[in-house]
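Take a look at the structure set out below.
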Amino acid sequence: MSKVVPEPELMPVPVLNILYQDDYLVAIDKPAGMLVHRSFLDRHETVFVMQTLRNQLGQHVFPVHRLDRPTSGVLLFALSADVARVLTEQLTEQHWRKFYLAVCRGFVQQAGILDYPLKEQLDKIADKQASQDKEKQEAVTALWPLAQVELPIAIGKYPVARYSLVALQPLTGRKHQLRRHLSHLRHPIVGDTTHGEGKHNRLFAEHLNSHRLLLIAKRLELKHPVTGVDLVIEAPLGEVAELFTTLGWSVADSWYSQLFDQLELTGLTQL
């Protein structure tokens, strides 16, 4: 009697939310926890942004920049190699403006600019042949506090837990720059399992049902690589809107749009 082997269970493929699309480029709202493209470091993964978007559009897409796996928000792709080259040049020459939202530990009291060089983070497998003695690289981040909350939950030796919502503008593009800079300021981002603090991550998971890195690539500003028109592409709050509501923070995307319009680097002090 032959044995019936069950069909392998297939993971449902998500439909990516397209934020902007024309004949030359496409921007999507990358889900938190989704890898941008295949990597031998995550061989067990079967769903990737790049392949999913290619199948969804029915054409090749060309990555221009990346977001860390746990980060959500605006992710841009070119629809041709020529456009990808122009966009990469823009990014390299720092002609883009990117704004993020993050929830971090403690009360952030003042806006400012952190100029704190970072040593390049090398992967034990992928970078094992690379030099381990590279000089630290310039890393600069602008930060603005937006809101605060005090939760009546004891944590460690403190009877309450305090958190801030901040806007971040990376002025350089180092690996994990925002996460490492906030950790350096002793305001680690909630949900960061690499540079954060486990007790705060657990508090949000157990009391607020939040199980992700609370870092969102909310807005990308650039010149269109073909037409030269100024583009502003924004991602919705999405799944974190419920959390923001619980914390008493604005969930109106228009509020954040107006806020980003007003943020300026001039006048910021060094942190």
Side-chain angles (χ1 to χ4, degrees), residues 32 66-73 94 96-122 134-151 153-205 208 210 212-220 237 240 243-244 247-250 256 259-260 262-271:
R66 65 184 297 275
L67 293 177
D68 293 337
R69 178 177 184 168
T71 305
S72 64
Q94 299 181 351
W96 292 8
R97 290 213 313 167
K98 295 183 284 186
F99 291 97
Y100 291 71
L101 294 177
V103 179
C104 62
R105 185 200 74 181
F107 283 177
V108 178
Q109 301 291 355
Q110 70 176 81
I113 292 181
L114 176 63
D115 185 348
Y116 180 71
L118 295 171
K119 192 171 180 63
E120 183 179 2
Q121 286 191 324
L122 300 176
K134 291 184 179 180
E135 294 292 324
K136 289 184 177 181
Q137 299 173 307
E138 179 188 25
V140 185
T141 300
L143 176 152
W144 296 266
L146 305 181
Q148 299 173 340
V149 67
E150 185 174 272
L151 302 177
I153 303 171
I155 185 164
K157 62 181 180 180
Y158 301 102
V160 296
R162 293 176 171 177
Y163 300 96
S164 295
L165 174 66
V166 297
L168 303 167
Q169 182 184 355
L171 304 178
T172 53
R174 306 306 175 199
K175 184 177 181 180
H176 293 180
Q177 176 176 314
L178 300 180
R179 296 160 65 178
R180 295 167 73 186
H181 270 180
L182 267 290
S183 180
H184 171 73
L185 292 173
R186 302 197 175 183
H187 293 293
I189 298 175
V190 175
D192 190 339
T193 58
T194 304
H195 307 284
E197 293 188 2
K199 60 186 177 182
H200 294 281
N201 300 345
R202 288 191 295 273
L203 184 149
F204 268 68
L208 298 168
S210 176
R212 55 159 288 180
L213 174 70
L214 293 176
L215 180 63
I216 305 166
K218 193 73 173 66
R219 176 162 166 155
L220 172 61
L237 288 178
V240 302
L243 172 66
F244 280 24
L247 299 178
W249 297 340
S250 176
Y256 293 99
L259 170 77
F260 292 135
Q262 298 168 6
L263 295 182
E264 295 287 346
L265 297 176
T266 54
L268 292 180
T269 58
Q270 292 291 326
L271 295 174

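Heads up: numbering here begins at 1 and tracks the sequence.
- Counting all heavy atoms, side chain and backbone alike, Pro188 lies closest to Gly196 at CB-CA, 3.8 Å.
- For the pair Arg179 and Asp68, the salt-bridge criterion is met [side-chain N within less than 4.0 Å of a carboxylate O].
- Lys218 NZ to Leu168 CG: the interatomic distance, rounded to the nearest 0.5 Å, is 14.0 Å.
- Counting only heavy atoms from C-beta outward, the side chains of Asp192 and Leu214 never approach each other to under 4.5 Å.
- Between His195 and His176, the angle of the ring planes goes over 60°, which puts this pair in the perpendicular group of the 30/60° scheme.
- Ring geometry, Phe260 versus Phe99: the interplanar angle falls under 30°, so the pair is classed parallel (tilted spans 30 to 60°).
- For the pair Thr193/Glu197, no side-chain contact is recorded, criterion being any heavy-atom separation below 4.5 Å from C-beta on.
- By the 4.5 Å heavy-atom criterion applied to side chains, Leu114 and Val140 are not counted as neighbours.
- Thr71 approaches Ala217 most closely through the heavy-atom pair CG2-N, 4.3 Å.
- In this structure, a donor-acceptor pair under 3.5 Å is absent between the side chains of Arg180 and Thr194.
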Derivation and outcome, side-chain contact (heavy atoms from CB on, under 4.5 Å), residues Ile155 and Val160:
CA-CA 7 Å; Ile155 185 164; Val160 296; over 6 Å; no
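- For the pair Lys119/Glu135, no side-chain contact is recorded, criterion being any heavy-atom separation below 4.5 Å from C-beta on.
- Rounded to the nearest 0.5 angstrom, His187 NE2 and Tyr163 OH are separated by 13.0 Å.
- When side chains are defined from C-beta on, Val103 does not count as touching Ile189, because their heavy atoms never get closer than 4.5 Å.
- Taking CD of Gln109 as the start and CG of Leu271 as the end, the distance is 12.0 Å to the nearest 0.5 Å.
- Put simply, CD1 on Ile113 and OG1 on Thr269 are 8.5 Å apart, with the number rounded to the nearest 0.5 Å.
- Separating the CG atom in Leu215 from the CG atom in Leu101 is a distance of 8.5 Å, to the nearest 0.5 Å.
- In this structure, Arg162 satisfies the cation-pi test against Phe107, with its NZ or CZ atom closer than 6.0 Å to the six-membered ring centre and inside 45 degrees of the ring normal.
- Two residues are said to be in side-chain contact when any heavy atoms from C-beta on lie closer than 4.5 Å; Pro170 and Leu178 meet this criterion.
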Evaluate the side chain to side chain donor-acceptor pair (under 3.5 Å) criterion for residues Arg105 and Ser164: first the C-alpha distance (whole Å), next the side-chain angles of each, then the deciding distance (0.1 Å), finally the verdict.
CA-CA 6 Å; Arg105 185 200 74 181; Ser164 295; over 6 Å; no
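- Within the 4.5 Å cutoff, side-chain heavy atoms of Gln177 are placed close to those of Thr172.
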Set out, in order, the CA-CA distance, both residues' side-chain angles and the distance that settles side-chain contact (heavy atoms from CB on, under 4.5 Å) for Gln169 and Trp144, then state yes or no.
CA-CA 9 Å; Gln169 182 184 355; Trp144 296 266; 3.5 Å; yes
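- The two residues Asn201 and Gly191 have their closest heavy-atom pair at OD1-N, 2.7 Å.
- If you take OH on Tyr256 and CG on Leu237, they are separated by 5.5 Å, rounding to the nearest 0.5 Å.
- Checking side-chain atoms of Arg174 against main-chain N and O of Glu138 turns up a donor-acceptor pair under 3.5 Å.
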Could you walk me through whether Leu151 and Leu247 satisfy the side-chain contact (heavy atoms from CB on, under 4.5 Å) test, starting with their C-alpha distance in whole Å, then the side-chain angles of each, then the deciding distance to 0.1 Å, before giving a yes or no?
CA-CA 9 Å; Leu151 302 177; Leu247 299 178; 4.0 Å; yes
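- Residues Cys104 and Val166 form a side-chain contact, since some pair of their non-hydrogen atoms from C-beta on lies under 4.5 Å apart.
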Walk me through it: do Glu120 and Gln137 pass the test side-chain contact (heavy atoms from CB on, under 4.5 Å)?
CA-CA 7 Å; Glu120 183 179 2; Gln137 299 173 307; 3.9 Å; yes
